[in-house]
Protein chains: 2
Amino acid sequence: MKDNNDMPGHLARRFQQIAVAVFLGEVADAGFDLTPVQYAALATIKANPGLDQVTLAGLIAYDRTTITGVIDRLVQKGLAERRASSRDRRARELEITEEGRRTLRKITPAVESAQRVMLRGLSAKEGEELMRLLRKAIAAGNELSRAPLRGVQA
Amino acid sequence: MKDNNDMPGHLARRFQQIAVAVFLGEVADAGFDLTPVQYAALATIKANPGLDQVTLAGLIAYDRTTITGVIDRLVQKGLAERRASSRDRRARELEITEEGRRTLRKITPAVESAQRVMLRGLSAKEGEELMRLLRKAIAAGNELSRAPLRGVQA
DNA sequence: GGATATTGATCAGTATGCTGACTATCAGTA
DNA sequence: TACTGATAGTCAGCATACTGATCAATATCC
């Protein structure tokens with residue numbers, strides 16, 4: 001019988017599980033308390049000042065109902081701000097704070113270190129190949145989840 | 001600046017996200033309501049009758065606090081049973097029910113189909129290579145998460 | 001044998017993710 | 001302009017995952 005641990009879905013879950021643990025560990029060692037999800041959101045807000053929540057969700061493939069809580073926590077930590085949009089009264093414009101910028105700057109080495117640690121069993125070439133295959137599989141399956149990746153629209 | 005979407009951690013999250021969506025979709029199409037996590041637990045209980053919860057958690061790399069809820073739901077659906085152990089009065093012995101066996105049997109084609117769909121962007125050779133690299137990275141990082149994989153002990 | 005340490009299970013609390021519903025608003029059209 | 005449909009954000013509810021604590025029972029050590 002085929003072992004459960006040999007199925008792609010199970011390997012996906014397990015690798016993600018380790019990736020999150022490594023990220024949290026490295027970031028905690030650096031003295032910060034930020035989840036992978038919060039980090040990605042904050043970095044994307046910094047790169048796209050004033051964007052709204054739906055756009056942010058699309059850029060990092062989060063569900064729009066998940067983004068609400070993530071931003072709540074970024075705001076609560078003083079790392080980001082949520083403002084009413086002047087163009088569309090339904091939308092909220094997101095901005096990173098000075099504190100958020102400082103945090104991103106100081107946390108970067110830990111984040112990069114985490115990426116290395118989670119691939120530590122692989123050679124550099126294998127790491128590259130793993131990322132290439134993941135990107136390819138993800139591109140083909142993008143529309144299959146409720147929260148697909150969406151590039152910036154015109 | 002390095003794009004967030006190019007980091008291994010982000011790719012891991014995204015692939016897992018798609019894998020879960022595909023699994024749930026295929027299983028729902030087959031007329032069942034079972035999560036990937038519940039499926040793995042049930043299949044492992046079937047393969048190891050009478051095992052306790054900690055052992056089960058180790059075999060599929062779940063946190064022991066997570067397993068409680070998962071089994072609650074399997075029991076509630078009538079697919080598994082939780083009995084007091086005679087050897088160790090702290091432990092619970094897990095068994096699959098007839099209904100659980102039937103469900104596993106009927107759900108297998110959907111589960112296998114899901115594994116194919118989540119790799120549909122890759123050639124057969126690439127799919128194999130992705131799985132090999134994931135297994136290797138996971139093996140090296142096994143101890144880094146709170147819920148490592150644990151083989152059956154003597 | 002009795003103190004101590006460890007272990008199996010559960011619980012409270014927090015953070016993703018999702019489904020589905022809802023409100024407010026905007027956009028397009030008859 | 002009034003109607004219709006789509007969109008931004010939020011909420012309730014459920015299912016993983018994890019941290020850290022607790023309780024009961026077992027193992028270990030002096």
Side-chain angles (χ1 to χ4, degrees), chain A residues 9-10 12-14 16-25 28 33-41 51-58 60-74 76-77 82-94 144-148 150 153, chain B residues 9-10 12-14 16-25 28 33-41 51-58 60-74 76-77 82-94 144-148 150 153:
Chain A
H10 199 269
R13 178 189 152 279
R14 192 80 187 89
Q16 149 76 354
Q17 180 183 43
I18 291 169
V20 170
V22 167
F23 185 102
L24 291 175
D33 170 33
L34 207 65
T35 67
V37 159
Q38 289 164 15
Y39 170 80
L51 85 174
D52 63 290
Q53 296 186 191
V54 166
T55 304
L56 170 59
I60 48 185
Y62 290 11
D63 192 277
R64 72 187 192 287
T65 64
T66 302
I67 246 0
T68 299
V70 173
I71 296 175
D72 282 350
R73 288 179 278 279
L74 287 178
Q76 202 259 317
K77 289 176 181 179
R82 183 150 41 186
R83 286 201 294 263
S85 165
S86 46
R87 290 171 281 99
D88 185 338
R89 282 192 304 174
R90 291 169 302 181
R92 316 300 191 85
E93 284 175 1
L94 304 173
L144 301 179
S145 78
R146 170 164 139 158
R150 298 269 179 240
Q153 310 290 325
Chain B
H10 199 271
R13 178 190 152 279
R14 191 82 185 87
Q16 149 77 354
Q17 180 182 44
I18 291 167
V20 171
V22 167
F23 185 101
L24 291 176
D33 170 33
L34 207 65
T35 67
V37 158
Q38 288 164 15
Y39 170 80
L51 85 175
D52 62 290
Q53 297 187 188
V54 166
T55 304
L56 171 59
I60 47 186
Y62 290 9
D63 192 277
R64 72 187 189 287
T65 63
T66 303
I67 244 12
T68 300
V70 173
I71 296 175
D72 281 350
R73 286 179 280 279
L74 287 178
Q76 203 258 317
K77 289 177 181 177
R82 188 155 31 190
R83 286 202 293 264
S85 165
S86 47
R87 288 172 282 99
D88 186 337
R89 283 191 302 176
R90 292 168 303 183
R92 314 302 191 85
E93 286 176 359
L94 304 173
L144 300 179
S145 79
R146 169 162 139 162
R150 298 269 180 240
Q153 311 289 325

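- Side-chain contact annotation: B:D88 with B:S85, donor-acceptor N/O pair under 3.5 Å absent.
- Taking NE2 of A:H10 as the reference point, atom OH of B:Y39 lies at 11.0 Å (rounded to 0.5 Å).
- Comparing D:dA15, D:dT19, D:dA17 by their nearest atom to the side chain of B:Q16 picks out D:dA17.
- Summary of the strand contacts: B:Y62 and B:K77 both lie near DNA chain D, and taking for each the nucleotide with the nearest heavy atom, the more 5' one is attributed to B:K77.
- B:L34 places its CG atom 18 Å from the P atom of D:dC14, with the value rounded to the nearest Å.
- Distance from the side chain of B:R90 is smallest for D:dA24 among the nucleotides D:dT19, D:dA24, D:dA15.
- With A:E93 as the partner, the side-chain hydrogen bond (donor to acceptor under 3.5 Å, both in side chains) test is satisfied by one option alone out of A:Q53, A:R82, A:R87: A:R87.
- Looking at the side chain of B:S145, the nearest of the listed nucleotides D:dG9, D:dC18, D:dT16 is D:dC18.
- Between A:I67 atom CD1 and D:dA8 atom C1' the separation is 13 Å, expressed in whole Å.
- Nucleotides of DNA chain C with any atom under 4.0 Å from a heavy atom of chain A span, from 5' to 3', C:dA15 to C:dC26.
- Comparing D:dA25, D:dA17, D:dC18 against the side chain of B:A147 picks out D:dC18 as the nearest.
- Atom CZ of B:R89 and atom P of D:dA25 are 5 Å apart (whole Å).
- Atom-to-atom, CZ of B:R64 to P of D:dC23 comes out at 15 Å; the value is rounded to the nearest Å.
- Distance, A:L24 CG to D:dT19 P: 8 Å, rounded to whole Å.
- Contact annotation for A:D52: backbone-only contact, meaning every heavy-atom pair under 4.0 Å involves sugar-phosphate atoms and none involves a base.
- Contact annotation: A:Q17 reaches the phosphate of D:dC18 (side-chain N/O to OP1 or OP2, under 4.0 Å).
- Here the C1' atom of nucleotide D:dT10 and the CZ atom of A:R82 are 9 Å apart, to the nearest Å.
- In this structure, CZ of B:R146 is placed 11 Å from C1' of D:dA21, rounded to the nearest angstrom.
- In this entry the distance linking CD1 of B:I71 with C1' of D:dT16 reads 14 Å, nearest Å.
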